[in-house]
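Everything numeric here is computed off the predicted structure, so don't read it as measured data.
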Protein chains: 2
Amino acid sequence: MSLRHAVLGLLADTSASGYDLMKSFETSLDHVWHATQSQVYGELGKLTAAGLLEVSDEGPRGRKEYVVTPAGRDELRRWLTETEPVRQRRNDTLLRVFFLGELSTQEAVGFLEREAERCAGERAALEEVEKTVGRVEPFSVNGRLALEFGLRLATMQEEWARWAAAQVGAREKAAGAQDGAASHDASGRPVEPKDPESSER
Amino acid sequence: MSLRHAVLGLLADTSASGYDLMKSFETSLDHVWHATQSQVYGELGKLTAAGLLEVSDEGPRGRKEYVVTPAGRDELRRWLTETEPVRQRRNDTLLRVFFLGELSTQEAVGFLEREAERCAGERAALEEVEKTVGRVEPFSVNGRLALEFGLRLATMQEEWARWAAAQVGAREKAAGAQDGAASHDASGRPVEPKDPESSER
DNA sequence: ATCCCACATTCCACAGTTGACATGTCAAGA
DNA sequence: TCTTGACATGTCAACTGTGGAATGTGGGAT
């Protein structure tokens, strides 16, 4: 559902072609709202049919320039002010954490350490973006908010993964001769207590 | 794709019926891997047809008890050790952050403050779980790792949202008589710089 | 005996996502 | 002139996800 709003939002200030929008999705929004060609062109058609967009111009090569209609602008505002963000309900890494008991402690620690390294790499990349942005041009004010989120998230995840690796590694030491038993909880089931929310927005 | 692995993982230690699995998804895994009835029963059929599960028992009311086959166990291990977690590529909240410029500063601050309150509530709920778990029964060792992740995530998100609200609010003050201009960057487009990664795993 | 709720399974129509495929045009460079 | 890569659009089939609906059974309480 938010694809339509992403398209409306991108067009809110500047009209653009489908191809331009694709570029925006690839460069700026890829990790905030990934969208494929099929989706974007499909959505443009739907939004136009629904009267939320209109074709403002046509150029060479079949180019169509889209602009938001007043109805489209209203819909964008309605979405922003009257609906709640949809929370994410799936997290592949955490799913795997639940089943780490299927692995040896060494393998489990390895998984968590790889995760930490991946996050460290991501944090470094974001820090690089932060530097570039500071030097090159006035950064989008809202883009900077999102960048900070990404930085804090990467940092948090890295720290958690390192902590988790240390926890799992420490269990091996404490378990000593009871390695097999210590990899599982009392019932051997990792799913018995109420699961913590790990939803991400 | 990970639904199949979630099912395999849940069955790895204890055989269960489709209905039991549904309960596990609802209670323990709902925020780690949400799954619907259609999906679970559908997947059970596919996994059984593929030889990764088998029906070990049948009971009253058409009950079928499923157990993982050796091939199923191998597939679970392969997934855990040979594939990387799929990263999330969409985040509704951050998408909205990109378009906060469409709102008044007051509205934008309101959005961020509501977000912070939601996260605070989530953190409180997780802390409650943490306490309950400490008192009631031995908590799954891996479940506790996930719980800690959820806590850190909620905390990080709350702090970020409060920071962001303060940033946006401070811009209003600094802008003073230039309120309209200050809500946008130089070009009025929130998407120009390379977007920070906000992917969540 | 009857009722009701939990146990238990199967199925549906629709929407969203993926990862391409396909075709055509323009403009710059060789 | 020809080539090539970017510009530009549209479409497809398969899969996943959603939010139910539907049907039937067992067992405990009244």
Can you check the [X] [atom1] to [N] [atom2] distance for me, whole Å?
| X | N | atom1 | atom2 | answer |
| --- | --- | --- | --- | --- |
| B:Tyr41 | C:dC7 | OH | P | 11 Å |
| B:Glu58 | C:dT9 | CD | P | 10 Å |
| A:Asp20 | D:dA8 | CG | P | 6 Å |
| B:Gln39 | D:dG20 | CD | P | 14 Å |
| A:Phe25 | D:dT9 | CZ | C1' | 16 Å |
| B:Arg89 | D:dG17 | CZ | P | 14 Å |
| B:Glu26 | C:dA8 | CD | P | 13 Å |
| B:Leu47 | D:dT16 | CG | C1' | 15 Å |

So if I take every side-chain heavy atom of B:Ser38 and compare against D:dT18, C:dA8, D:dT9, which nucleotide ends up nearest?
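Of all the options, the side chain of B:Ser38 is nearest to D:dT18.
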
What's the closest nucleotide to the side chain of A:Lys23 if the choices are C:dT18, D:dC7, D:dT18?
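Closest nucleotide among those given: D:dC7.
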
Toward the 5' end of DNA chain C, by each residue's nearest nucleotide, B:Gly18 or A:Gly62
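Result: B:Gly18.
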
Any donor-acceptor pair under 3.5 Å from A:Ser2 side chain to A:His5 backbone
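The answer is no, because no donor-acceptor pair under 3.5 Å joins these two groups.
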
Report yes or no: does B:Arg152 contribute a side-chain atom to a donor-acceptor pair with the main-chain N or O of A:Gln157 at less than 3.5 Å?
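Flag not set: sc B:Arg152 to bb A:Gln157 has no pair under 3.5 Å.
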
Kindly say if [X] contacts the phosphate of [N], meaning a side-chain N or O under 4.0 Å from OP1 or OP2.
| X | N | result |
| --- | --- | --- |
| B:Tyr19 | C:dC7 | yes |
| B:Arg61 | D:dG26 | no |
| B:Lys64 | C:dT10 | yes |
| B:Arg63 | C:dC7 | no |

Walk me through whether A:Arg114 and A:Glu117 qualify under salt bridge (charged side-chain N to carboxylate O under 4.0 Å, His left out).
CA-CA 5 Å; A:Arg114 282 194 301 280; A:Glu117 287 309 313; over 6 Å; no

Is there, by distance only and without an angle test, a donor paired with an acceptor across the side chain of B:Gln37 and the base of C:dT9 below 3.5 Å?
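Per atom types, the contact qualifies.
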
Looking just at side-chain N and O atoms, do A:Arg96 and B:Thr83 make a donor-acceptor pair shorter than 3.5 Å?
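B:Thr83 and A:Arg96 do have a side-chain donor-acceptor pair below 3.5 Å.
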
Does the distance from a Lys or Arg side-chain N to an Asp or Glu carboxylate O, for A:Arg63 and A:Asp20, drop under 4.0 Å?
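Salt bridge between A:Arg63 and A:Asp20, a charged N being under 4.0 Å from a carboxylate O: yes.
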
